[in-house]
There are 2 protein chains.
Amino acid sequence: MDDPDPPVIGRRGSYAKGVARRQEILDRAIEVFAERGAYATSLRSIAQALGVSHAALLHYFDSREQLLIAVYENAEAKRHAVPDAPEQGGPVDVLVRAAAANVEVPGLVELYSTLVAASLEAGNITGRSYFTERFARVRRDLADRVRGGQARGDIRADVDAEQVAALLVAASDGLQIQWLLDPSVRLETLETLATLLGPPAAPSTDDRSAAGDQQATDGQPGPRL
Amino acid sequence: MDDPDPPVIGRRGSYAKGVARRQEILDRAIEVFAERGAYATSLRSIAQALGVSHAALLHYFDSREQLLIAVYENAEAKRHAVPDAPEQGGPVDVLVRAAAANVEVPGLVELYSTLVAASLEAGNITGRSYFTERFARVRRDLADRVRGGQARGDIRADVDAEQVAALLVAASDGLQIQWLLDPSVRLETLETLATLLGPPAAPSTDDRSAAGDQQATDGQPGPRL
DNA sequence: GTCTATACGTCGATAGAC
DNA sequence: GTCTATCGACGTATAGAC
């Protein structure tokens with residue numbers, strides 16, 4: 001929608017020198033979020049932290065929202081310990097690690113939730129398409145992992161991989177929010193899903209006799225999911 | 001949770017005549033949401049739709065946010081077909097019905113998401129405590145239903161009811177958002193969870209041979225969950 | 001008690017000078 | 001590329017009419 005190359009989210013006049021400055025802005029901005037929370041993070045307060053006027057920021061980003069999205073992308077990208085190597089492991093494993101890493105970055109879940117909520121609004125074309133694509137991509141990745149697990153026999157085969165993927169994303173997002181509001185909601189709750197997704201239990205002879213206290217909540221969910 | 005006392009969210013000077021006017025405001029406000037989306041719903045635009053000045057609204061509600069929370073509560077309350085009778089059915093059933101009803105009210109999920117996101121912010125004491133309590137209450141109700149299902153043998157007993165409840169809330173909230181962004185994500189995905197929660201499958205002899213296409217995604221999840 | 005009028009400070013965004 | 005100036009709209013607060 002902008003210059004010669006549209007696919008990047010908030011680029012404007014961005015060559016060589018520009019991208020470096022742009023990166024500076026993003027790095028400083030996430031710190032402002034950590035300090036003051038996402039809500040009070042106006043263009044002006046970010047600009048102040050950088051020692052420039054707020055209008056200057058709009059030379060690098062088309063709007064406040066696009067700056068915020070870029071900040072989120074940046075923070076999330078550098079959240080990955082290993083820079084590139086695609087995440088390894090089953091779908092639940094990946095999500096548990098991601099969720100744990102997310103809540104470590106102050107303000108990140110707030111920022112994400114705010115942006116997602118805003119993306120639901122009617123007029124918000126940019127945010128809407130960004131998160132629509134993002135959700136689709138994440139679901140695609142997870143669905144692949146689910147199918148892998150099913151082929152391996154780690155995950156029960158009588159559920160649709162795409163639907164499980166959507167479920168996993170929803171559960172992960174929702175649990176991070178609940179955890180922020182009330183840390184007694186343990187993030188490991190996601191692993192309960194691993195238990196549920198596990199294969200129909202080793203064919204043992206007891207049907208349902210005295211299903212004791214042996215909760216599978218924090219033990220290994222059997223195979224690596 | 002409503003009348004005879006102060007724990008109500010946004011009451012100010014409110015007797016007899018006042019509460020009626022207050023109700024008018026809430027009813028009209030949700031319509032504004034339906035028409036213009038939650039985002040553009042400023043105090044001033046709601047006031048305009050009511051034909052009053054925006055300052056007038058602050059006689060009934062302490063702040064914009066408390067008005068929005070009250071609007072949400074009001075819309076959600078009248079969303080229930082049967083006015084009082086506590087919801088019947090298993091945990092998944094209840095959630096599926098609620099989710100379906102939610103997305104029918106234009107702007108309601110947007111409003112909810114916006115308020116939840118705002119409640120995560122540091123300074124927001126009112127919103128934070130409201131949603132913390134709300135989540136706790138909903139989880140409590142669902143956990144009871146889960147335990148009931150477990151006692152009845154409808155739900156596998158090797159998972160913690162509280163954790164399943166948190167999972168259900170998260171999944172429901174998250175799916176509504178994903179559905180709004182991309183209706184190809186079916187709300188019925190929640191019922192996949194019902195399948196997963198079902199008892200360990202009737203003890204049949206086939207271990208895992210040719211797990212065919214028989215997806216349990218939209219059929220009955222066996223018992224009523 | 002209900003409401004209008006008005007003012008304050010801040011916001012995102014834009015235009016134009018340097 | 002960055003500034004200053006300015007715009008309209010916002011949430012909030014207060015004074016005072018009825």
Side-chain angles (χ1 to χ4, degrees), chain A residues 1-3 10-26 28-29 32-33 36-71 111 114-115 118-119 121 123-127, chain B residues 10-26 28-29 32-33 36-71 111 114-115 117-119 121 123-127:
Chain A
M1 206 200 206
D2 226 297
D3 255 350
R11 183 106 30 120
R12 226 183 190 179
S14 49
Y15 282 72
K17 210 53 165 298
V19 294
R21 185 81 178 106
R22 201 184 123 99
Q23 190 62 42
E24 274 183 59
I25 295 176
L26 294 180
R28 186 72 189 101
V32 177
F33 275 69
R36 335 236 277 239
Y39 170 73
T41 310
S42 59
L43 276 183
R44 287 170 147 94
S45 60
I46 298 175
Q48 192 182 14
L50 282 152
V52 296
S53 75
H54 74 279
L57 298 183
L58 294 176
H59 257 92
Y60 296 92
F61 305 92
D62 289 340
S63 69
R64 172 181 186 262
E65 204 211 6
Q66 297 208 359
L67 166 58
L68 261 43
I69 290 181
V71 168
L111 176 57
T114 302
L115 290 175
S119 80
E121 299 300 327
N124 188 351
I125 335 143
T126 312
Chain B
R11 182 104 30 117
R12 226 182 191 178
S14 50
Y15 281 70
K17 208 55 166 299
V19 295
R21 185 80 176 108
R22 199 183 126 101
Q23 189 62 41
E24 274 182 59
I25 295 176
L26 295 179
R28 185 73 189 101
V32 178
F33 277 69
R36 335 236 278 240
Y39 169 72
T41 310
S42 58
L43 275 184
R44 288 169 146 95
S45 61
I46 297 176
Q48 194 181 13
L50 281 153
V52 297
S53 75
H54 69 280
L57 299 183
L58 295 177
H59 268 265
Y60 297 91
F61 305 92
D62 289 339
S63 68
R64 171 181 186 261
E65 204 211 8
Q66 297 207 357
L67 166 59
L68 293 186
I69 291 181
V71 168
L111 176 56
T114 302
L115 290 175
S119 80
E121 299 300 329
N124 189 351
I125 336 143
T126 312

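Chain identifiers are assigned alphabetically (A, B, ...) following the order of the sequence lines, protein sequences preceding nucleic acid strands; residue numbering begins at 1 within each chain. Note that this is a predicted model, so its numbers are computed, not measured. All values below were derived from every heavy atom in this structure, side-chain atoms included, with hydrogens, water molecules and symmetry-related copies excluded.
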Self-check item: B:Y60 vs C:dC3: side-chain N/O to OP1/OP2 distance below 4.0 Å
Solution: yes
Quiz item: For B:R21 and C:dC3, is the shortest distance between a side-chain N/O and OP1 or OP2 below 4.0 Å?
Solution: yes
Shortest non-hydrogen contact from [X] to [Y]?
{"X": "B:L50", "Y": "B:E24", "value": "CD2-O, 4.3 Å"}
{"X": "A:N124", "Y": "A:A118", "value": "ND2-O, 3.1 Å"}
{"X": "B:I46", "Y": "B:A29", "value": "CG2-CB, 4.0 Å"}

Can you tell me how far [atom2] of [N] sits from [atom1] of [X], to the nearest Å?
{"X": "B:N124", "N": "D:dG11", "atom1": "CG", "atom2": "C1'", "value": "14 Å"}
{"X": "B:L43", "N": "D:dT12", "atom1": "CG", "atom2": "P", "value": "6 Å"}
{"X": "B:E65", "N": "D:dG11", "atom1": "CD", "atom2": "P", "value": "12 Å"}
{"X": "B:I46", "N": "D:dT12", "atom1": "CD1", "atom2": "P", "value": "12 Å"}
{"X": "B:D62", "N": "D:dT14", "atom1": "CG", "atom2": "P", "value": "13 Å"}
{"X": "B:Q66", "N": "D:dG11", "atom1": "CD", "atom2": "P", "value": "15 Å"}
{"X": "A:R64", "N": "C:dC11", "atom1": "CZ", "atom2": "P", "value": "10 Å"}
{"X": "B:L67", "N": "D:dT12", "atom1": "CG", "atom2": "C1'", "value": "14 Å"}

Practice problem: Kindly indicate, with the supporting measurements, whether the criterion side-chain contact (heavy atoms from CB on, under 4.5 Å) is fulfilled by A:Q66 and A:T126. | Solution: CA-CA 8 Å; A:Q66 297 208 359; A:T126 312; 3.1 Å; yes
Scan nucleotides 4-6 of chain C against the protein and return all N/O pairs shorter than 3.5 Å with their distances rounded to 0.1 Å.
residue, atom, partner, partner atom, Å
C:dT4, OP2, B:S53, N, 2.7
C:dT4, OP2, B:S53, OG, 2.9

Quiz item: Under the criterion side-chain contact (heavy atoms from CB on, under 4.5 Å), which of B:L68, B:V71, B:L67, B:I69 is the partner of B:F61?
Solution: B:L67
Quiz prompt | A:S63 side-chain proximity, nearest of C:dT2, C:dA13, D:dT12 | solution = C:dA13
Exercise. Report the nucleotide, chosen from D:dA13, C:dT14, D:dC10, that has the shortest atom-to-atom distance to any side-chain atom of A:L58.
Key: C:dT14
Practice problem: With sequence neighbours left out, write down each residue that passes side-chain hydrogen bond (donor to acceptor under 3.5 Å, both in side chains) with A:R44, or none if nothing qualifies. | Solution: none
Quiz item: For A:Q48, which residues count as a side-chain hydrogen bond (donor to acceptor under 3.5 Å, both in side chains) partner, sequence neighbours excluded?
Solution: none
